[in-house]
Amino acid sequence: MLEIDGLDARYGDSQVLYGVSLHVAKGQGVALLGRNGAGKTTLLKSIAGGGPKANGTARLRSADLLPLPTHRRARLGLALVPEERGIFAHMTVEENLLLARHACAPPRESLRLGQLYDLFPELFKLRARMGNQLSGGQQQILAVARGLMSSPDCLLLDEPTEGVAPLLVQEMATQINKAINARGTALLLTEQCIWFSRACTEYVYVVDSGRIVFSGSWGEFDRQPEIVTRYLAI
Ligand SMILES: Nc1ncnc2c1ncn2[C@@H]1O[C@H](COP(=O)(O)OP(=O)(O)OP(=O)(O)O)[C@@H](O)[C@H]1O
């Protein structure tokens, strides 16, 4: 589904990613863990577009992404939910969702509001609430729902637990999982929160200073506790 091979990325003269290779299979959940500044957001922006200058290979269903502008990458079936979420504060939940539907262009068909509310019943209850009246967790769920509006094959989720109260993180994991599984959507998630990542994915990569330093199942991750102390402890 998504195949990244030997990807370098730079902002001007400053190189941030070095030969990153990472694969996400159809319908699979993959986590990319790393400390602040390790290069997680840079990787997602390299894949989705509109970010750094990237070289190497990034393919979605065999289509070469790097030469394409952002909107064409989206049409191929990618959706990025950025860390800052981009919720419109003075629009209702429903208006935020409808706006995302307008951003969807052929050949992709957007989901109907009813389908999204089936996936996220919480949003149906909140549909008349303004964006700035939502908690961090509710905003994140709304951002994920907007990301799914275009029915992407692969959802890129950048640090969804950032700014979300710990008590709400478990509930968020449950809701995201349910929606992703119901749609068969592949997920590439960047995070610092290990247990949230584990709840949403089957496979994990660790990035440190722009290089992949570990990849494996969560079982393999657990068998190497030094990964956490060396690359993830703050
Ligand atoms: N627009 C930019 N211009 C120059 N350097 C940047 C830019 N964006 C990020 N960087 C640098 O690239 C490196 C990786 O940043 P990135 O945001 O990808 O890390 P991250 O793992 O997502 O961390 P965080 O959790 O803080 O978002 C950092 O050193 C950062 O300062």
Side-chain angles (χ1 to χ4, degrees), residues 2-24 29-58 60 65-66 68-71 73-74 78-87 136-137 139-141 143-144 146-147 154-166 168-169 172-173 176 186-201 203-216 218 221 226-234:
L2 179 66
E3 292 171 348
I4 312 298
D5 282 303
L7 191 99
D8 296 335
R10 56 179 68 244
Y11 296 102
D13 290 339
S14 162
Q15 186 161 355
V16 173
L17 296 181
Y18 299 84
V20 167
S21 295
L22 176 153
H23 295 192
V24 185
V30 170
L32 176 67
L33 301 177
R35 289 193 182 107
N36 277 336
K40 304 180 296 299
T41 301
T42 300
L43 178 64
L44 294 192
K45 286 184 174 167
S46 301
I47 298 168
K53 170 133 186 51
N55 292 303
T57 308
L60 184 74
L65 295 172
L66 295 186
L68 301 178
T70 305
H71 68 280
R73 300 186 199 195
L78 271 181
L80 169 65
V81 179
E83 196 173 353
E84 59 277 13
R85 300 180 192 130
I87 301 299
Q139 282 195 1
Q140 189 61 55
I141 292 296
V144 171
R146 280 199 326 196
C154 184
L155 185 69
L156 309 173
L157 208 48
D158 198 6
E159 299 212 36
T161 67
E162 176 79 22
V164 176
L168 299 178
V169 169
M172 212 170 81
I176 290 174
L187 174 68
L188 175 57
L189 167 87
T190 75
E191 258 305 330
Q192 297 194 48
C193 177
I194 296 175
W195 68 261
F196 175 85
S197 306
R198 189 191 296 269
C200 295
T201 62
Y203 202 82
V204 55
Y205 290 81
V206 177
V207 61
D208 183 63
S209 302
R211 292 182 167 84
I212 299 294
V213 291
F214 171 85
S215 67
W218 283 104
F221 179 85
E226 69 278 8
I227 297 285
V228 174
T229 40
R230 199 156 159 202
Y231 300 116
L232 301 172
I234 297 167

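Just so you know, ligand 1 is whichever comes first in the structure, and atom 1 is the first atom listed for that ligand.
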With side chains defined as the heavy atoms from C-beta onward, is the minimum distance between I212 and Y18 less than 4.5 Å?
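Side-chain contact under 4.5 Å: no.
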Is the shortest heavy-atom distance from the side chain of L32 to the side chain of E191 under 4.5 Å?
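With C-beta onward as the side chain, the pair stays apart.
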Should you measure from each heavy atom of [X], which atoms of ligand 1 turn up under 4.0 Å away?
{"X": "T42", "result": "14 (C), 15 (O), 16 (P), 18 (O)"}
{"X": "E83", "result": "27 (O)"}
{"X": "Q192", "result": "25 (O)"}
{"X": "R35", "result": "21 (O)"}

CA sep, side-chain torsions, deciding dist, call: L7, S21, side chain to side chain contact (heavy atoms under 4.5 Å, CB included):
CA-CA 7 Å; L7 191 99; S21 295; over 6 Å; no
For [atom], find the nearest protein heavy atom and state the residue, atom name and distance (0.1 Å precision).
{"atom": "atom 12 (O) of ligand 1", "result": "V16 CG2, 3.4 Å"}
{"atom": "atom 26 (O) of ligand 1", "result": "N36 OD1, 3.2 Å"}
{"atom": "atom 5 (N) of ligand 1", "result": "Y11 CD1, 3.4 Å"}
{"atom": "atom 17 (O) of ligand 1", "result": "T41 CB, 3.6 Å"}
{"atom": "atom 25 (O) of ligand 1", "result": "E159 OE2, 2.5 Å"}

Ligand 1 contact by G34, heavy-atom criterion under 4.0 angstrom:
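No, that is not the case, since the closest heavy atom of the residue is not under 4.0 Å from the ligand.
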Hey, does the side chain of [X] reach the backbone of [Y] with a donor-acceptor pair shorter than 3.5 angstrom?
{"X": "Q15", "Y": "L17", "value": "yes"}
{"X": "D8", "Y": "G19", "value": "yes"}
{"X": "R35", "Y": "A233", "value": "yes"}

Taking it one step at a time, do F214 and D208 satisfy side chain to side chain contact (heavy atoms under 4.5 Å, CB included)?
CA-CA 9 Å; F214 171 85; D208 183 63; over 6 Å; no
Side chains of Y11 and T42: is there a donor and an acceptor less than 3.5 Å apart?
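Indeed, the side chains of Y11 and T42 share at least one donor-acceptor pair under 3.5 Å.
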Between ligand 1 and A38, is the shortest N or O to N or O distance under 3.5 Å?
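Yes - when backbone and side-chain N and O of A38 are compared with those of ligand 1, one distance drops under 3.5 Å.
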Hey, looking at atom 28 (C) of ligand 1, which of G39, S14, G37 has the closest heavy atom?
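Looking at heavy atoms only, the winner is G37.
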Is atom 7 (C) of ligand 1 less than 4.0 angstrom from some protein heavy atom?
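Under 4.0 Å from atom 7 (C) of ligand 1, at least one protein heavy atom found.
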Minimum-distance pair of heavy atoms, taken over all atoms of A54 and L66
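Scanning both residues, the minimum pair turns out to be O-CD1, 3.9 Å.
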